[in-house]
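Lettering of chains follows the sequences in order, A, B, ..., and the numbering in each one begins at 1. Just so it is clear, the values below take in all heavy atoms, side chains as well, and ignore hydrogens, waters and symmetry mates.
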Protein chains: 2
Amino acid sequence: MSEDQLSRVFAALADPTRRDIVARLAVGDATVGQLAAPYNVSIQAVSKHLKVLEDAGLVSHSQDAQRRPRHLEANVFDMMTAWIERYRRQAEERYRRLDAVLASMDEESKPTINQGAAS
Amino acid sequence: MSEDQLSRVFAALADPTRRDIVARLAVGDATVGQLAAPYNVSIQAVSKHLKVLEDAGLVSHSQDAQRRPRHLEANVFDMMTAWIERYRRQAEERYRRLDAVLASMDEESKPTINQGAAS
DNA sequence: GGTCTTCTCAACCAATCAGTTGAATAACCC
DNA sequence: GGGTTATTCAACTGATTGGTTGAGAAGACC
C-alpha cells in the first residue's frame, strides 16, 4: 500500500532473474536450491534475490526441515495493477478529450497545433 | 516487448519521483521546467529522470522552440499489465487447484501439510 | 549581435546493487 | 556424535544510480 512498498515491488521486478523466479514460483513453490539450479550464479546470489522479493512482499517462505520453500504472494500484484491502471486510464481519457478538441477545431479555422515527432 | 524493455520500465517506475512525474504527465503534457518546479532538486536531475522514462518508452517529447514538452506514452503500460496479469492469474489458478486438493484430502485421512507462517 | 530562457552533456561523488567467496547456523541421516 | 544438506550472514568488489555543479547548445526576444 505504501509508496515505499510500491517502489520496492517495481525495483524487485526490474531484474530479469527475479522476474524469472516469479514466473517459476507462479507454477509452484520451490526451495532456494531448486530455484538456483538453472542459473550459473551462486546459491547465495539467488538467496539475495529472494530476499529482495520477500522485502517487496512478492514472496513468502515456510519451513520444512532445512528447506525454506518459497511461495508467490499474488495479491501484491493487485497493488501494482491498480497503480498502472490509474495512469493509463487517465492518459487515455486525456487523449480522448484531445481528439474531441481537435475535431471541434476542425470545424473552425484550425490553427496549427504542435504535435511534434517523438525524440 | 523485449525482456530488456520490461526491465527498463520496471526500473523507471521504481523511483517515487519518476512515478510522480508519470502521474503529472497523465494529467497533461509538460516541459522539463514545469515538471521540475515542485521538487527541490536541480532541473538537470529531473532531466535525467525524464531520460530514464524515455529510454523505457514511457514518455516521449516534441519540440516547441527551446522547450521540449513531455508526453506520456500510455501504451507501454499495457506491456507491464500483461506481464503482471500472466503470473497473477497463474498463481491464483494454482491456489485454486491446491484448495481442491486439500478439499479432496479432507475426505481421506488428511496427512498434515506444511503451510507454515511467512517470515 | 547580445542576452535571456530552456534544456542537455560531462565530470564528479556517495550510496546502492548484484555478484563473489568464506564462514556460520540448523536440521536431517547414519 | 559426525557428516551431509540447505540456507543465510558477512565482507569484499565492480557497476549502476541519483544527485550535484559547470559548461555548452539552440532558439526567442530586443
Side-chain angles (χ1 to χ4, degrees), chain A residues 3-22 24-25 29-56 58-71 112 114 116-119, chain B residues 3-22 24-25 29-56 58-71 112 114 116-119:
Chain A
E3 184 75 352
D4 219 54
Q5 193 191 359
L6 197 51
S7 291
R8 280 197 297 269
V9 171
F10 278 121
L13 295 176
D15 185 283
T17 305
R18 285 196 291 260
R19 282 202 305 280
D20 213 51
I21 289 173
V22 165
R24 290 179 58 215
L25 287 176
D29 294 2
T31 66
V32 179
Q34 287 168 343
L35 289 168
Y39 311 105
N40 51 357
V41 298
S42 64
I43 281 201
Q44 290 95 320
V46 173
S47 185
K48 272 193 184 180
H49 280 309
L50 287 166
K51 185 167 182 347
V52 172
L53 289 168
E54 285 203 29
D55 288 348
L58 283 159
V59 160
S60 65
H61 70 269
S62 41
Q63 179 135 12
D64 166 29
Q66 317 102 348
R67 268 151 259 118
R68 302 193 200 18
R70 265 29 187 223
H71 175 77
T112 48
N114 192 320
S119 186
Chain B
E3 184 75 351
D4 219 54
Q5 194 191 359
L6 197 52
S7 291
R8 280 196 298 268
V9 171
F10 278 122
L13 295 176
D15 184 283
T17 304
R18 284 196 293 260
R19 281 202 305 279
D20 213 51
I21 289 173
V22 166
R24 290 178 58 215
L25 287 177
D29 294 2
T31 67
V32 179
Q34 287 168 342
L35 289 167
Y39 311 104
N40 51 357
V41 299
S42 64
I43 281 201
Q44 290 94 320
V46 173
S47 185
K48 272 194 184 181
H49 279 310
L50 287 166
K51 184 166 182 349
V52 172
L53 289 167
E54 285 203 29
D55 287 349
L58 283 158
V59 159
S60 66
H61 71 269
S62 41
Q63 179 137 10
D64 166 30
Q66 316 103 346
R67 269 153 256 118
R68 301 192 201 18
R70 261 39 185 214
H71 175 79
T112 49
N114 192 321
S119 188

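- In terms of heavy atoms, B/Arg70 sits closest to B/Val32 at NH1-CG2, 3.3 Å.
- Look at CD1 on B/Ile43: it is 11 Å from C1' on C/dT8, rounded to the nearest Å.
- Computed from C1' positions of five pairs at each end, the angle between the two local axes of the helix from C/dG1-D/dC30 to C/dC30-D/dG1 equals 20°, rounded to 10 degrees.
- Annotation: salt bridge (Lys or Arg N to Asp or Glu O under 4.0 Å) contacts of A/Arg24 (sequence neighbours excluded): none.
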What pairs of donor and acceptor atoms, side-chain ones from residues 42-51 of chain A against any protein atom, are under 3.5 angstrom apart with sequence neighbours left out?
residue	atom	partner	partner atom	Å
A/Ser42	OG	A/Ala45	N	3.2
A/His49	ND1	A/Arg18	NH1	3.1
A/Lys51	NZ	A/Asp55	OD2	3.2

At a cut-off of 3.5 Å, list every protein nitrogen or oxygen paired with a nitrogen or oxygen from nucleotides 9-15 of chain C, distance to 0.1 Å.
none

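- Nucleotides of DNA chain C nearest to B/Val32 and A/Arg18 differ in position, and the one nearer the 5' end is that of B/Val32.
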Look for any protein N or O under 3.5 Å of an N or O in nucleotides 27-30 of chain C and output each such pair with its distance, or none.
residue	atom	partner	partner atom	Å
C/dA27	N3	A/Gln66	NE2	3.2
C/dC28	O4'	A/Gln66	NE2	3.2

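- Residues forming a side chain to side chain donor-acceptor pair (under 3.5 Å) with B/Arg19 (at least two apart in sequence, or on another chain): A/Glu3, A/Ser7.
- The CG atom of B/Asp15 sits 9.5 Å away from atom CG of B/Asp20, with the distance rounded to the nearest 0.5 Å.
- Taking atom CG of B/Leu53 as the reference point, atom P of C/dT8 lies 12 Å away to the nearest angstrom.
- Residues meeting the side-chain contact (heavy atoms from CB on, under 4.5 Å) test with B/Gln34, sequence neighbours left out: B/Ala30, B/Thr31.
- In this structure the side chain of B/His71 never reaches within 4.5 angstrom of the side chain of B/Leu25, judged on heavy atoms.
- Applying the 4.0 Å criterion to OP1 and OP2 of C/dC7, one finds that B/Thr31 has a side-chain N or O inside that range.
- When DNA chain D is scanned in the 5' to 3' direction for atoms under 4.0 Å from non-hydrogen atoms of chain A, the outermost contacting nucleotides are D/dT5 to D/dA11.
- Contact annotation: A/Ser42 does not reach the phosphate of C/dG19 (side-chain N/O to OP1 or OP2, under 4.0 Å).
- With sequence neighbours excluded, the residues that form a salt bridge (Lys or Arg N to Asp or Glu O under 4.0 Å) with B/Arg67 are B/Asp64.
- Atom P of nucleotide C/dT6 and atom NE2 of B/His61 are separated by 17 Å, given to the nearest angstrom.
- For B/Ala56, the side-chain contact (heavy atoms from CB on, under 4.5 Å) partners two or more places apart in sequence, or in a different chain, are B/Arg8, B/Val9, B/Ala12, B/Leu58.
- One distance of note links CZ of B/Arg68 with NE2 of B/His61; it measures 6.5 Å at 0.5 Å rounding.
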